[in-house]
Amino acid sequence: MKLYEKYSLQVQNTISGQKEEFKALNAPFVGMYVCGPTVYSNVHLGNCRTFISFDMIYRYLNHLGYKVRYVRNITDAGHLTDDADQGEDKIAKKARLEKLEPMEIVQSYTVDFHNIMAKFNALPPSIEPTATGHIQEQITMIEQILENGLAYVSEGSVYFDVKKYNEKNNYGILSKRDIDELQDGSRELDGQSEKRDPRDFALWKKASEEHIMRWNSPWSVGFPGWHLECSAMSTKYLGEKFDIHGGGMDLKFPHHECEIAQNVGSCGSQPVNYWLHTNMLTLNGKRMAKSTGNSILPEELFSGDNDLLDKAYHPMVVRFFMMQAHYASTLDFSSDALSASEKGFDRLMAAMDTLDKLPVSSESSANVSEMIDGYYAAMSDDFNTPVMIARMFESVKYINSVKDGKAQISEEDKAQLSQHMNALVFDVLGLKHKDNEADDRLPKVVQMLLDMRTEAKKNKDFALSDQIRDELKEIGIQIKDSREGTEFSL
Ligand code: AMP
Ligand code: ZN
């Protein structure tokens, strides 16, 4: 029996507004698409929260026995500085400011993103497609939408006809916005006269003279609208209908709403069964965002190099801090909250080590299988990591009591608890022991050898003292004797 058959998974589906039982379209296979970063600047910690949340979701689905195809794109074209189809391409703008090729910008921030994700122990997706690598698929999708009469060409650009679409469909189905209110709220901007209606959005934009990222199309030399790439790439790799689509809450409108309209407009059916949205990481109560300067970079956290921090934090502590909040709740960042998480993380890791060394008795003094069911009940309730972690801390108390001889655990229960706690802590929450613990031990071992060398010299055993020096040197550890003692560098 697969774990997903034993523990029924409930997910909060944005489109229905309900918590629903997750039923895969074609179990054990699951298709999941998550909107990836726009690679024109370093990812901030808020972006990381969204990607780490979906990493945990991906990991849990795999752990339950599903075979997940996880697609997360790289937006390397078409995302304008103004979401209302105006302004410059974010990547082209950065390239112009830094006097680099747009693809140099894309490459450098994609590499940065991958490095940061690896530090947070996030698994790579199964496919990581780029917008620029899928221009043809996007053009084909526009042709289908035009054929279905839901888009129009204007001055070499192509716009989605929202009003026409809304005659038979519901533009606002995901974000719960009322199309009439959108009309009132939308701004008339320069150049918008190309649109029949201010609510229409660009599928293809004709490039101006100075726009460097440009491709041929039946309509003009131009570039695709930002929303289009996700529709085209999710359809290509996951099919016209797939299980899960995710992203941060801020993408519900217009991005995801437009994605739905494009998919329905080209294929005729709703693309996604379950829409999952992560909530925002905040700083001083306000959404963390690069544009407002209200943000922290992961590297600043790992080095402690930011006035908001009293010290550096290990990536695993930061990941644990994020796991202590539900993905759909806001989470406020502070140095105090992180330092509380650090204590919790250390306690949990210590208990994981203790667990394997516990003495066993003929019977357990606690109900271990109930404990394990409790973890899964929390995780299968819309990936409720904070509740699962709270339940694990109850187990940590029990583990420590067994260690102190105040409680007992049977051999079988110990094996079960170890198997499930290890799987959930390391494989699902994606935590790892802090690797610098191992590094901390090396200087201690070297110091121990140097003390033995001093002792050998005192005893006039120069053969031994020279041997220690030479062998340390051979493995690249330099030592320097001075009047104050012996120093070494690793
Ligand atoms: P972007 O590169 O701006 O498209 O953002 C990449 C992802 O990060 C999107 O899914 C956003 O919703 C998400 N995101 C942006 N800011 C935050 C934040 N403060 N907290 C959580 N997720 C965020
Ligand atoms: Zn997207």
Side-chain angles (χ1 to χ4, degrees), residues 14 32-57 71-83 89-91 94 105-106 109-110 112-113 116-117 120 122 125 127-131 134 138 141 174-175 201 224-238 242 244-263 271-272 275-298 318 321-322 325-333:
T14 312
M32 176 162 93
Y33 188 93
V34 173
C35 293
T38 306
V39 282
Y40 72 107
S41 63
N42 298 102
V43 280
H44 59 69
L45 205 63
N47 303 132
C48 295
R49 181 184 186 205
T50 287
F51 299 125
I52 291 170
S53 296
F54 283 106
D55 180 60
M56 172 276 292
I57 289 171
V71 183
R72 187 186 64 208
N73 67 305
I74 294 280
T75 296
D76 59 354
H79 194 174
L80 302 185
T81 46
D82 183 320
D83 277 346
D89 186 296
K90 286 182 174 173
I91 290 154
K94 184 81 168 194
I105 298 289
V106 164
Y109 291 113
T110 303
D112 172 76
F113 172 59
I116 298 290
M117 285 295 109
F120 282 124
I127 306 179
E128 195 168 39
T130 60
H134 296 77
Q138 299 183 67
M141 193 166 237
L174 181 77
S175 57
F201 57 91
W226 167 45
H227 313 304
L228 192 59
E229 62 176 275
C230 291
S231 289
M233 298 192 289
S234 63
T235 308
K236 172 157 179 166
Y237 296 112
L238 300 172
F242 56 97
I244 299 174
H245 193 313
M249 296 247 292
D250 56 320
L251 295 186
K252 269 195 240 173
F253 189 88
H255 187 54
H256 291 159
E257 197 68 62
C258 294
E259 267 193 54
I260 293 178
Q262 292 164 156
N263 281 76
V272 176
W275 283 92
L276 266 49
H277 286 102
T278 55
N279 213 324
M280 296 293 108
L281 184 69
T282 58
L283 182 60
N284 303 317
K286 281 194 225 92
R287 183 189 148 186
M288 207 178 269
K290 190 83 200 288
S291 54
T292 54
N294 190 44
S295 70
I296 284 198
L297 296 179
V318 183
F321 162 72
M322 292 185 182
H326 187 248
Y327 75 86
S329 311
T330 53
L331 171 63
D332 197 48
F333 176 89

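First listed ligand is number 1; within each ligand, the first listed atom is number 1.
- When only modelled atom types and interatomic distance are considered, Asn279 and Ser329 share no side-chain donor-acceptor pair under 3.5 Å.
- Heavy atoms of Leu251 found under 4.0 angstrom from ligand 1 belong exclusively to the side chain.
- To the nearest 0.5 Å, atom NZ of residue Lys90 and atom CG of residue Asp76 are 13.5 Å apart.
- Counting protein heavy atoms only, atom 15 (C) of ligand 1 is closest to Asn47 ND2, 3.2 Å.
- Remark: minimum distance from atom 16 (N) of ligand 1 to any protein heavy atom is reached at Arg287 NH2, 3.4 Å.
- What sits closest to atom 10 (O) of ligand 1 on the protein, heavy atoms only, is Gly248 N, 3.1 Å.
- The protein heavy-atom contact nearest to atom 21 (C) of ligand 1 is Gly46 O, 3.0 Å.
- Put simply, the side chain of Asn284 never gets that close to the backbone of Lys286: no donor and acceptor are under 3.5 Å apart.
- Between Arg49 and ligand 1, no N or O atom pair is found at a separation short of 3.5 Å.
- With distances taken over non-hydrogen atoms, the option nearest atom 11 (C) of ligand 1 out of Thr50, Leu283, Leu281, Asp250 is Asp250.
- Nearest protein heavy-atom neighbour of atom 2 (O) of ligand 1: Thr38 N, 3.0 Å.
- Between the Thr14 side chain and the Trp275 main chain, a donor and an acceptor come within less than 3.5 Å of each other.
- Side chains of Phe51 and Arg72 form a contact here, defined as non-hydrogen atoms less than 4.5 Å apart.
- In summary, the atoms of ligand 1 found under 4.0 Å from a heavy atom of Pro37, numbered by their order in the structure, are 2 (O).
- Residue contacts with ligand 1 do not include Lys290, since none of its heavy atoms lies under 4.0 Å from the ligand.
- The minimum distance between the Zn ion (ligand 2) and any N, O or S atom of His255 involves atom NE2.
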Can you check side chain to side chain contact (heavy atoms under 4.5 Å, CB included) on Ile74 and Glu128, steps first, answer last? CA-CA 7 Å; Ile74 294 280; Glu128 195 168 39; 3.7 Å; yes

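- For the pair Val71/Pro129, a side-chain contact is recorded, criterion being any heavy-atom separation below 4.5 Å from C-beta on.
- For residue Cys230, an N/O/S atom approaches the Zn ion (ligand 2) to within less than 2.8 Å.
- Annotation for ligand 1: atoms under 4.0 Å from non-hydrogen atoms of Phe51 are 6 (C), 7 (C).
- A distance-only check finds no donor-acceptor pair linking the side chain of Gln262 to the backbone of Ser231 [under 3.5 Å].
- In the vicinity of Met288, heavy-atom distances shorter than 4.0 Å reach the ligand 1 atoms 16 (N), 18 (C), 19 (N).
- Residue-ligand proximity, Met280 to ligand 1, at heavy-atom distances under 4.0 Å covers atoms 17 (C), 18 (C), 19 (N), 20 (N), 21 (C), 22 (N), 23 (C).
- Only one option out of Asp250, Thr330, Asn294, Thr282 pairs with Arg287 in a side-chain hydrogen bond (donor to acceptor under 3.5 Å, both in side chains); it is Asp250.
- Taking the six-membered ring for Trp and the full ring otherwise, His44 and Phe333 have centroids separated by 6.0 Å or more.
- Close contacts of ligand 1 with Asn279, meaning ligand atoms under 4.0 Å from a residue heavy atom, involve 21 (C).
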